[in-house]
Amino acid sequence: MDSPPHHERPQYALALSIHPLAVATARELVRCALDEWGVDWLVDDAAVVTSELVTNSLNAEPRRIVFTIDHERRAGTVHITVWDDASGAPELREPDYVSQSGRGLHIVNGLSAEWGWERAEGLGGKYVWAKLGPKPEDPA
């Protein structure tokens with residue numbers, strides 16, 4: 001009997017509590033997953049992106065949040081996705097440098113190769129996602 005195929009896109013998913021500690025829980029999952037997948041060079045950026053996306057989700061006052069992280073080995077990228085059942089849409093606003101909030105998506109934009117969001121048809125709510133990587137080439 002043949003051995004099972006090597007997974008090209010390992011993934012972790014976690015339903016988060018609607019509590020400020022959900023941010024730390026998601027960050028810890030990111031640290032563990034990236035260490036396991038051997039892409040620990042992305043840990044700092046991925047932890048910050050995770051913090052911003054989960055915090056934004058919590059601020060939308062959802063009833064449910066699911067956090068997902070996966071690794072596309074061939075492309076060398078990591079995908080972070082947060083689904084929540086809140087109806088609002090994420091908005092990249094002009095930064096207010098006096099306010100203590102409102103810069104999260106700018107941070108996500110700066111640390112990610114790309115990011116976006118889409119309505120979760122049939123499920124309700126929305127997905128907000130970010131793609132990080134691949135590892136930059138070392139200068140010759």
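- Taking CD1 of I69 as the start and SG of C32 as the end, the distance is 10.5 Å to the nearest 0.5 Å.
- Exactly one of T77, T81, I80, V78 qualifies for a side-chain contact (heavy atoms from CB on, under 4.5 Å) with K131. That residue is T77.
- There is a path of hydrophobic side-chain contacts, each under 4.5 Å, that joins L42 to V82.
- A distance of 12.0 Å separates NE2 of H71 from OH of Y12, quoted to the nearest 0.5 Å.
- Nearest heavy-atom pair across A86 and A60 is CB-O, 3.5 Å.
- Y127 and W83 have tilted rings, their planes meeting at an angle from 30° to 60° on a 0 to 90° scale.
- By the 6.0 Å contact criterion, CG on N109 is enclosed, its count of non-hydrogen atoms from other residues, nucleotides or ligands being greater than 12.
- In this structure, T68 and A13 approach most closely via the heavy-atom pair OG1-CB, 3.9 Å.
- Between atom CZ of residue R31 and atom CG of residue L29 there is a gap of 11.0 Å, rounded to the nearest 0.5 Å.
- Side-chain N or O atoms of S57 include none that pairs as donor or acceptor with a backbone N or O of L53 at under 3.5 Å.
- Note that the CH2 atom of W129 and the CH2 atom of W117 stand 12.5 Å from one another [nearest 0.5 Å].
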- [ ] Carefully, step by step, assess V43 and D40 under the rule side-chain contact (heavy atoms from CB on, under 4.5 Å).
- [x] CA-CA 5 Å; V43 167; D40 51 340; 4.1 Å; yes
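- In Q11, the CD atom is crowded: over 12 heavy atoms of neighbouring residues, nucleotides or ligands sit closer than 6.0 Å.
- Looking only at distances, no side-chain donor or acceptor of D85 sits under 3.5 Å from a matching main-chain atom of P62.
- Counting all heavy atoms, side chain and backbone alike, A47 lies closest to V30 at N-CG1, 4.1 Å.
- Rounded to the nearest 0.5 Å, atoms NE2 (H79) and CG (L132) are 9.0 Å apart.
- Nearest approach of S87 to R119, heavy atoms of both residues: O-NH1, 2.8 Å.
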- [ ] Would you check, one step at a time, whether the test side-chain contact (heavy atoms from CB on, under 4.5 Å) holds for V66 with L16?
- [x] CA-CA 6 Å; V66 176; L16 297 172; over 6 Å; no
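- In terms of heavy atoms, S112 sits closest to A130 at OG-CB, 3.4 Å.
- Note that CD1 of I65 is 8.0 Å distant from OG of S17, once rounded to the nearest 0.5 Å.
- Taking 4.5 Å as the limit, some side-chain heavy atom of W115 sits within range of a side-chain heavy atom of L105.
- Ionic pairing of D84 and R64 is not present here: no N-O contact between side-chain nitrogen and carboxylate oxygen is shorter than 4.0 angstrom.
- Hydrophobic cluster membership differs between V128 and L123, with clusters built from Ile, Leu, Val, Met, Phe, Trp and Tyr side chains linked at under 4.5 angstrom.
- In this structure, L58 is a member of the same hydrophobic cluster as V108, with clusters built from ILVMFWY side-chain heavy atoms closer than 4.5 Å.
- Scanning both residues, K126 and P90, for their nearest heavy atoms gives CD-CD, 3.7 Å.
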